[in-house]
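Basis for what follows: all heavy atoms, side chains included, without hydrogens, waters or symmetry-related copies. Everything numeric in this text was worked out from a predicted model, so none of it was measured. Convention: sequence-line order gives letters A, B, ...; per-chain numbering from 1.
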2 protein chains.
Amino acid sequence: MAATDRALTGLRQMIASGELGPGAKFPPEPELCDHLGVSRSSLREATRSLAALGVIESRHGSGTYVSALDPAEIISRFSLSVELIPLEGVLQLLEVRRILEAHATAAAAARQDPALAERLADILDRLEKTTDATEIQVLDAEFHGAICEAGGNPTVTALTGVIRGRGGHYRIFEPGADFEAIKRTSDLGHRAILAAITHRDPAAAATAASAHIAQTELWLRALRPVPQVDLP
Amino acid sequence: MAATDRALTGLRQMIASGELGPGAKFPPEPELCDHLGVSRSSLREATRSLAALGVIESRHGSGTYVSALDPAEIISRFSLSVELIPLEGVLQLLEVRRILEAHATAAAAARQDPALAERLADILDRLEKTTDATEIQVLDAEFHGAICEAGGNPTVTALTGVIRGRGGHYRIFEPGADFEAIKRTSDLGHRAILAAITHRDPAAAATAASAHIAQTELWLRALRPVPQVDLP
DNA sequence: GACCGTAAGTGGTCTGAGGACTTAACATCA
DNA sequence: TGATGTTAAGTCCTCAGACCACTTACGGTC
């Protein structure tokens, strides 16, 4: 087996075997090199791989640690790769988001939390007032994010968040030909979701969320020209 | 910004900007180092990160290439990290699988493909005959995998596959106290799913799949002792 | 035309060195 | 005594250079 793979397997094994749990500290690099039988370069490439996957964290001057191994955090790391997926693949992902978010929205409606409805209404008030593309995107994420959070499964929240972030790169809400019609349809979709949550109607909430995201899928399908993405 | 981060951002930008599409070849490492203003070590750590995420592929002696950027392949890379998630997180992930697979199973039932039903029946025949833990796991994966595939969304298939693989590490089917009862319940669940697909009843299929996976969640919840994982 | 060896191109690995950051122990001062 | 500044040890980060292993394509040979 290649050196880096050997290091990679060794590091993963140390975690999988229970030798190192979440938050635990790895031995210093030279010691690990000796233990795994690889050079520092290979070891560092292996640690970088696991760091990219959210499994470990290297802290400059302090040490290398096992991450919390929280599924939501690990899924968040996906955004680094999901942001590069072309439109064709994004549509597949949007179906995943539609299914999961319909479920989460239903769960949120079933939860019967007056504070949630109030907060969502406040977000929509602000959302309906603005025409700025960036602000629309932020408030939309806040709306759906709050609902998913209320759904109770942080993993679902993280996963839908990553997909929503990717979709946001395709700027549907740029002022253009159909801007006003699209914006109005979107606003109405949000109100339908909020109404279902306010009325504590899980089935209606799932349907409204599903329809709202399906609408986004249709817009994206029409938006064939591949956009530029600005990375940080 | 740190050297490796600079390289990472630069590489991602080359893809995000459209300069390099799926399958495209990167310039040789020395040229990239010069272009990005980092040493070869730092560049290599950056490429390893992106390779771990499934965004690029390095082929020894040939070059470094942009991957297909297929969401299903990218999600498959997740298994490297998902396999290390502790039981608590696996339960959150299983809920994701339950939601997605219920949907995919319904879609498969709606598809009305006689060949699928035949293939599934064959798998179940073999599954019901064996008591070998590994073989059970393989056939179970084959059964659910075939259904998800028929569901029509490869991303859903990949995601459920990764989660199922993680759950499989907790060996529910080891011969033990409740082995026979568990096995019989599991077999019945599979037959219920197959019946719904054969009868082309999407709603029943979704319910059966959901119930089957929910049962698995219950077994896992009861299985508190953390198992050892054997990595390849 | 098919096969094979060779050479150029490219990523993989190792070694050694110095720099940058974190942490904790220690000394100093009010 | 308590707070503060200093120092030193520990650790990861980056660079440079060299050599190895693999792939590919070219050109020669049969």
Side-chain angles (χ1 to χ4, degrees), chain A residues 1-15 19-69 73 77 80 232, chain B residues 1-15 19-69 73 77 80 232:
Chain A
M1 185 162 34
T4 303
D5 288 337
R6 216 159 54 230
L8 202 54
T9 305
L11 291 173
R12 291 183 69 228
Q13 188 61 50
M14 290 172 76
I15 302 173
E19 181 184 342
L20 295 175
K25 182 176 180 175
F26 281 94
E29 289 180 349
E31 197 172 321
L32 275 177
C33 292
D34 195 50
H35 175 51
L36 299 169
V38 299
S39 71
R40 260 194 77 214
S41 318
S42 299
L43 173 68
R44 286 189 55 77
E45 290 184 17
T47 57
R48 282 284 183 185
S49 292
L50 291 177
L53 292 168
V55 170
I56 70 179
E57 295 169 16
S58 285
R59 299 179 205 153
H60 192 178
S62 175
T64 304
Y65 304 81
V66 181
S67 78
L69 293 180
E73 282 180 28
R77 286 314 188 89
L80 286 176
Chain B
M1 189 163 27
T4 303
D5 288 337
R6 215 159 54 228
L8 201 57
T9 305
L11 292 173
R12 291 183 70 228
Q13 187 63 49
M14 290 172 76
I15 302 172
E19 182 184 341
L20 294 176
K25 183 176 179 177
F26 281 95
E29 289 182 346
E31 197 172 321
L32 275 177
C33 292
D34 195 51
H35 175 51
L36 298 170
V38 299
S39 72
R40 210 176 143 219
S41 317
S42 299
L43 172 68
R44 285 187 57 75
E45 290 184 18
T47 58
R48 281 284 184 186
S49 292
L50 290 178
L53 292 167
V55 170
I56 70 180
E57 294 169 17
S58 285
R59 299 178 205 154
H60 192 179
S62 173
T64 304
Y65 304 81
V66 181
S67 79
L69 293 179
E73 283 180 29
R77 288 314 189 91
L80 288 175

message = Ignoring hydrogens and geometry beyond distance, is the side chain of B/His60 in donor-acceptor contact with the base of D/dC22 at under 3.5 Å?
response = no
request  = Tell me which nucleotide among C/dT22, D/dT24, D/dC15 gets nearest to the side chain of B/Ser62.
outcome  = D/dT24
request  = Let me know the distance between CZ of A/Arg44 and C1' of C/dT13, rounded to the nearest Å.
outcome  = 15 Å
note = Side-chain contact check for B/Arg40: nearest option of D/dA18, C/dC14, D/dC12 is D/dA18
request  = Tell me what B/Thr4 touches on the nucleic acid: a base, only sugar-phosphate, or nothing, going by heavy atoms under 4.0 Å.
outcome  = sugar-phosphate
Euclidean distance, atom CG of residue A/Asp5 to atom P of C/dG12 [Å, nearest integer] = 10 Å
request  = May I have the distance from B/Lys25 (atom NZ) to C/dG9 (atom P), rounded to whole angstrom?
outcome  = 11 Å
Earlier contact from the 5' end, DNA chain D, for A/Thr47 and A/Gly61 = A/Gly61
query = When the distance from CD of A/Glu57 to P of C/dC21 is rounded to whole Å, what number comes out?
reply = 19 Å
note = Note: B/Leu43 and B/Cys33 closest approach over all heavy atoms is CD2-SG, 3.7 Å
task = Mind listing the closest non-hydrogen atom pair of B/Lys25 and B/Ser62 along with its distance?
result = NZ-O, 3.3 Å
task = Specify the closest pair of heavy atoms between B/Leu53 and A/Ala52, including all atoms of both residues, with the distance to one decimal.
result = CD2-O, 3.6 Å
task = Have a look at A/Ser41 and say if it touches a base, only the backbone sugar-phosphate, or nothing, with a 4.0 Å heavy-atom cut-off.
result = base
remark   = Rounded to whole Å, the CG-P distance (A/Leu32 to D/dC13) equals 13 Å
request  = Between A/Tyr65 and A/Arg6, just flag the one whose closest nucleotide in DNA chain C comes earlier from the 5' side.
outcome  = A/Arg6
ask   = What is the distance from CG of B/Leu36 to P of D/dT14, rounded to the nearest Å?
value = 13 Å
query = Which part of the nucleic acid, if any, lies within contact of A/Arg59, taking any heavy atom under 4.0 Å across all strands shown: a base, the sugar-phosphate backbone alone, or nothing?
reply = sugar-phosphate
message = Regarding A/Ser58, tell me which of base, sugar-phosphate or nothing describes its non-hydrogen contacts under 4.0 Å with the strands shown.
response = sugar-phosphate
query = If you check every side-chain atom of A/Ser39, which of C/dG11, C/dT15, D/dT14 has the closest atom?
reply = C/dT15
task = Answer yes or no: side-chain N or O of B/Arg48 and base N or O of C/dG12 forming a donor-acceptor pair under 3.5 Å.
result = no
message = Expressed as a whole number of angstroms, how long is the span from B/Met1:CE to C/dA20:P?
response = 18 Å
message = Heavy atoms from C-beta onward define the side chain here; which of C/dG11, C/dC14, D/dC15 lies closest to that of A/Val38?
response = C/dC14
task = Please report the closest heavy-atom contact between A/Ser67 and A/Gly54, naming both atoms and the distance.
result = OG-O, 2.8 Å
message = Does a side-chain N or O of B/Ser42 approach OP1 or OP2 of D/dC15 to a distance below 4.0 Å, or not?
response = yes
note = Shortest non-hydrogen pair, B/Thr4 vs B/Glu45, comes out as OG1-OE1, 3.8 Å
ask   = Closest heavy-atom contact between A/Pro22 and A/Val66?
value = CA-CG1, 3.9 Å
task = Specify the separation, in whole Å, of atom CD of A/Glu31 and atom C1' of D/dG10.
result = 12 Å
